[in-house]
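The first residue in the sequence is number 1, and the count goes up from there. It should be emphasised that the depicted structure is a prediction, and the values quoted were computed from it without experimental measurement.
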Amino acid sequence: VQLQASGGGLVQTGGSLVLSCAASGSIFSINGMGWYRQAPGKERELIASIFQGSTTNYADYARGRFAISINDARNTVRLQMRNLKPEDTAVYYCNAELRESDYEGGYEYTDVWGQGTQVTVSS
């Protein structure tokens, strides 16, 4: 699976952006997708994730301002961001969790990452 993220850029405080991430390759193995971000000097952190096409999970700081969605084909995930703040400035990464049979009755899980897209919020 390969992930291609797009939609980052420069926005003023209070503005909005939409990030999009398209998956290609063995998309049937995708169990869930999500968005993470990493600000300079900080660890990468979860923003939101979506599993099985509808089960969503949000970080506390993202709830209410960010919205994650996925298309019916489950190969493109979007992150709508509104009321952006300077502290939202970071590189945003798309993630896919792959689930594949281990041929022993269970599953193996693998994380795949996109290339990252810069979001800069000016004050």
Is there a side chain to side chain contact (heavy atoms under 4.5 Å, CB included) between N31 and Q52 once you walk through the steps?
CA-CA 6 Å; N31 187 47; Q52 304 301 317; 2.7 Å; yes

Hey, is D60 close enough to R63 for a salt bridge, meaning N to O under 4.0 Å?
yes

Applying the 4.5 Å side-chain criterion to the ILVMFWY set and letting contacts propagate, would I70 and L79 be lumped into a single cluster?
yes

Decide yes or no on side chain to side chain contact (heavy atoms under 4.5 Å, CB included) for N75 and I30, but give the supporting numbers first.
CA-CA 8 Å; N75 62 355; I30 295 176; 5.6 Å; no

Does one hydrophobic cluster hold both V11 and Y61, with members joined at side-chain heavy-atom distances below 4.5 Å?
yes

Do S26 side-chain atoms and F28 backbone N/O form a donor-acceptor pair below 3.5 Å?
no

Is the side chain of R82 donor-acceptor paired with the backbone N or O of G64 at a distance under 3.5 Å, no angle test?
yes

Are the side chains of L84 and T13 in touch, meaning some heavy atoms are under 4.5 Å apart?
no

Would you say that M81 contacts L19 through its side chain, given a criterion of any heavy-atom pair below 4.5 Å between the two side chains?
yes

N83 (side chain) donor-acceptor with R65 (main chain) under 3.5 angstrom
no

One thing to verify: whether E108 and R99 come together as a salt bridge, which I'm taking to mean a side-chain N less than 4.0 angstrom from a carboxylate O.
no

What I'd like to find out is whether the side chain of R37 reaches to under 4.5 Å of the side chain of D88, using heavy atoms alone.
yes

Close side-chain approach of E45 to Q38, heavy-atom, < 4.5 Å:
no

Within 6.0 Å of OH in Y107, more than 12 heavy atoms from elsewhere
no

Determine, using the 4.5 Å side-chain heavy-atom cutoff (strictly less than), whether V77 and V91 are members of one ILVMFWY cluster.
no

Residue D72 excluded, over 12 heavy atoms near CG under 6.0 Å
no

Does F66 form a ring-ring contact (aromatic ring centres under 6.0 Å, His included) with W35? I'd like the steps, not just the answer.
CA-CA 10 Å; F66 295 2; W35 287 95; over 10 Å; no

Determine, stepwise, if the pair V18 / R78 fulfils side chain to side chain contact (heavy atoms under 4.5 Å, CB included).
CA-CA 7 Å; V18 178; R78 298 175 74 210; 3.4 Å; yes

Taking side chain as C-beta onward, heavy atoms only, is S6 less than 4.5 Å from T117?
no

Please lay out, stage by stage, how C21 and M33 fare under the test side chain to side chain contact (heavy atoms under 4.5 Å, CB included).
CA-CA 9 Å; C21 176; M33 297 186 75; 4.2 Å; yes

Check whether S49 reaches the backbone of G34 with its side chain - one donor and one acceptor, N or O, closer than 3.5 Å.
no

So if you build clusters from Ile, Leu, Val, Met, Phe, Trp, Tyr with side-chain heavy-atom gaps below 4.5 Å, do V1 and I50 land together?
yes

Can any side-chain N or O of Q115 pair as donor or acceptor with the backbone N or O of A5 at less than 3.5 Å?
yes

Side-chain heavy atoms under 4.5 angstrom apart, residues restricted to Ile, Leu, Val, Met, Phe, Trp, Tyr: same cluster for V119 and I68?
yes

